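Structure record follows, encoded as structure tokens.
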Amino acid sequence: MVKKVLIYGDSNTWGDNFITGKRIPDEKQWVNILKKIYSKDYIFLQEGLPGRLAGNEEKFKPYKNGKDTFISTFRTNAPVDIVIISLGTNDLQIKYNKKSKDIINDLLWYKNKLEESFTDEEDKIKYFNNKMPKIIYILPINFDYKVNASVIFDEECEEKRQEIIEYFKKQNINAIIANSLDLFEDGIHLSYQGHEEMAKLVAGEL
């Protein structure tokens, strides 16, 4: 039976290309790499948006607030077998000045919201087909805070990133940890090689 996978993420789910300022070719995006390999087993629903936050701190471009659009996005694609939440990197930016515990709470909100909706009998039938989807997190991936991305991220941002990773490890929450993916020269976005590496990591969790 073919399984449906909803991937709710940011620019690295969307496929941002630092070099051209555009989107990388479809076939180079990690979601579409998986589509090609597992077309007989999975349907991948790619819901990535550059700049998307796990939280709702973006005041000037509110469409980037992840919580605001998650439920409608989930219900549009429901029912699904797996939900992948790939957020948190943008929340770590210096300008938002968020504590790691607040980012953790924002990330956990997605799991809690789905579980809450599952307890509603009408939602359970209509949007879940009576089965709770498997939830997998892709935690904030590595970024080059020392050189190329130093205006956006600093050492404290990296410390917070590691605190988030440690929390998910200790709580045994399904999560993909990526500490050494290849990036474009901006030190933030996945390169073509990085997308291939991400595809392999995700494949290992499916």
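Just so it is clear, the structure is predicted and the values come from calculations on it, not from any experiment.
Side-chain contacts under 4.5 Å among hydrophobic residues (ILVMFWY), followed directly or transitively, place F18 together with I19, I24, F184, Y192. In the hydrophobic clustering (ILVMFWY side chains linked at under 4.5 Å, chained through shared members), L190 is joined by V5, I7, W30, V31, I33, L34, I37, Y38, Y42, F44, I82, I84, I136, I138, I141, I176, L181, L183, M198, L201, V202, L206. Clustering of Ile, Leu, Val, Met, Phe, Trp and Tyr by side-chain heavy atoms under 4.5 Å joins Y63 with L49. Other members of the cluster containing V147 do not exist, because no ILVMFWY side chain is joined to it at under 4.5 Å.
D120 pairs by the side chain to side chain donor-acceptor pair (under 3.5 Å) definition with nothing, not counting sequence neighbours. When the side chain to side chain donor-acceptor pair (under 3.5 Å) test is applied to E197, the partners found at least two apart in sequence or on another chain are Q193. The salt bridge (charged side-chain N to carboxylate O under 4.0 Å, His left out) search around K4 returns none, not counting sequence neighbours. Residues satisfying the salt bridge (charged side-chain N to carboxylate O under 4.0 Å, His left out) test with K98, not counting sequence neighbours, are E57, D91, D106. Checked against side chain to side chain donor-acceptor pair (under 3.5 Å), E185 has no partners two or more places apart in sequence or in another chain.
Heavy-atom minimum distance, I164 versus P140: CG2-CD, 4.4 Å.
Rounding to the nearest 0.5 Å places OG of S100 at 4.0 Å from CD of E163.
F70 has its side chain within reach of L114: a pair of non-hydrogen atoms, C-beta onward, lies under 4.5 Å apart.
With respect to E115 and K111, a salt bridge is recorded, a charged nitrogen being found less than 4.0 Å from a carboxylate O.
Among residues at least two apart or in separate chains, there is no ring pair (Phe, Tyr, Trp, His ring centres under 6.0 Å) pair with a member in residues 76-106.
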task: Kindly determine whether T69 and Y8 satisfy side chain to side chain donor-acceptor pair (under 3.5 Å), including the steps that lead there.
output: CA-CA 10 Å; T69 54; Y8 190 73; 2.6 Å; yes
Only pairs under 3.5 Å count here: list side-chain donor-acceptor contacts from residues 125-133, not counting sequence neighbours, and write none if there are none.
none

Enumerate donor-acceptor pairs with a distance under 3.5 Å from any side-chain N or O in residues 167-174 to protein atoms, sequence neighbours excluded.
none

